[in-house]
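Note sheet for the following structure.
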Amino acid sequence: MTTIEHDPVVADEATKAKKAALEINKLSKRLHRQVGQAIGDYNMIEAGDKVMVCMSGGKDSYAMLDILINLRERSPAKFELIAVNLDQKQPGFPEHVLPEYLKSRGVAFHIEEQDTYSTVTRVIPQGKTLCSLCSRLRRAILYRVAGELGATKIALGHHRDDIVVTLLLNMFFQGRMKGMPPKLMSDNGEHIVIRPLAYVAETDLERWAQHREFPIIPCSLCGSQENLQRVQVKKMIREWERQYPGRVDNMFNAMGKLVPSHMMDRNLFPFTTLQATGVADPNGDRAFDEADEGCATPEPQSVIQLRREH
């Protein structure tokens, strides 16, 4: 008679559970390390800060708050967190979800009620994208609330993929090299905006949200518009990453390794006054040699994966 201890089905399930637990532990360490590194690299949070964590009800803002709570407990620099949600009065919005979750986490929070939904849907013609006006209204309200709450930092839940997509959108549709910085001054010059998830891949946030069982609230405005350029570009980079793992990371890393002398912005490099000096320049035309690698035939995904494993 087969005992439970020697039942192959039970043993297989136990092995799978152990492997899943190890993977989640690795994911947790990676997320906390990446957020901590981003905070340190850009000096996002300092001792005495009151960080306003903007909560939309999506996976990204839930994960950001979750990780910041854990890092606050470990950090020698003491800082406060206050979660803020802007209730835009979208039809069917479950008003109870976020307050109940935030109370369960013991986090101070503020719910700001402003009917921007009616404004946006009234002003923007049906079928047109709503993001631009919606984001402007939301940003102005959040800046005001930050001032009223005495927040010194405003934390947004944009991640690595958002940053890369923004760069590509600006290149494709605006003809400019502009991204989404990890830290910046607000439009009105009164606040510092930070993006603690800047180093984090969206796929990791999806896995973390599923593991933590966050009560996700779907957006009935921009989140439901599948024809958005941002949605299409995001699909494109997902496909790139599937075919050539590491490509999104390379694009992201490139944003922090600019070489003005090899771009075309005359405001960043004095092309018009450039003269030969007779002194060798390590950043000179040798850069073209490195670019030759882009002419090679791409390696199959199986080869790339094998190289990563070894």
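We're numbering straight along the sequence, starting at 1.
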(request) Only counting residues at least two apart or in another chain, list the ones meeting salt bridge (charged side-chain N to carboxylate O under 4.0 Å, His left out) with Glu112. (result) Arg144
(request) Sequence neighbours left out, what pairs pass side-chain hydrogen bond (donor to acceptor under 3.5 Å, both in side chains) with at least one residue falling in residues 70-84? (result) His32-Asn70
(request) Just grab all the side-chain hydrogen bond (donor to acceptor under 3.5 Å, both in side chains) pairs involving residues 154-169, residues at least two apart or on different chains. (result) His158-Arg195, His159-Asp162, Arg160-Asp249, Thr166-Arg230
Got a list of side-chain donor-acceptor pairs under 3.5 Å for residues 207-218, not counting sequence neighbours?
unit_1	atom_1	unit_2	atom_2	d
Trp208	NE1	Asp66	OD2	2.9
Arg212	NE	Asp66	OD2	3.0
Arg212	NH2	Asp66	OD1	2.9

(request) Using the salt bridge (Lys or Arg N to Asp or Glu O under 4.0 Å) rule, collect all pairs that involve residues 22-33, keeping only residues at least two apart or in two chains. (result) Glu23-Lys26, Arg30-Asp204
(request) Can you sort out the partners of Asp87 under salt bridge (charged side-chain N to carboxylate O under 4.0 Å, His left out), two or more places apart, ordered by chain and number? (result) Lys89
(request) Kindly give the cluster partners of Ile82, where membership spreads through any ILVMFWY side chain lying under 4.5 Å from a current member. (result) Met52, Val84, Leu86, Ile141, Leu142, Tyr143, Val145, Leu149, Ile154, Leu156, Leu184, Val193
(message) Connecting only ILVMFWY residues whose side-chain heavy atoms lie within less than 4.5 Å of each other, what is the rest of Met264's hydrophobic cluster?
(response) none
(request) Kindly write out the residues that satisfy side chain to side chain contact (heavy atoms under 4.5 Å, CB included) with Glu100, not counting sequence neighbours, or none if the list is empty. (result) His96
(message) Once side chain to side chain contact (heavy atoms under 4.5 Å, CB included) is applied, do any residues pair with Met236, and if so which ones, sequence neighbours excluded?
(response) Leu168, Phe172, Val233, Trp240
(message) Running the 4.5 Å side-chain criterion over Ile, Leu, Val, Met, Phe, Trp and Tyr, what cluster does Phe271 land in, apart from itself?
(response) Phe269, Leu274
(message) In the structure I gave you, are the side-chain heavy atoms of Lys153 and Met44 within less than 4.5 Å of one another anywhere?
(response) no
(request) Working to the nearest 0.5 Å, report the span between CG of Asn85 and CD of Glu113. (result) 9.5 Å
(message) For residues 164-183, which residue pairs pass the salt bridge (Lys or Arg N to Asp or Glu O under 4.0 Å) check, not counting sequence neighbours?
(response) none
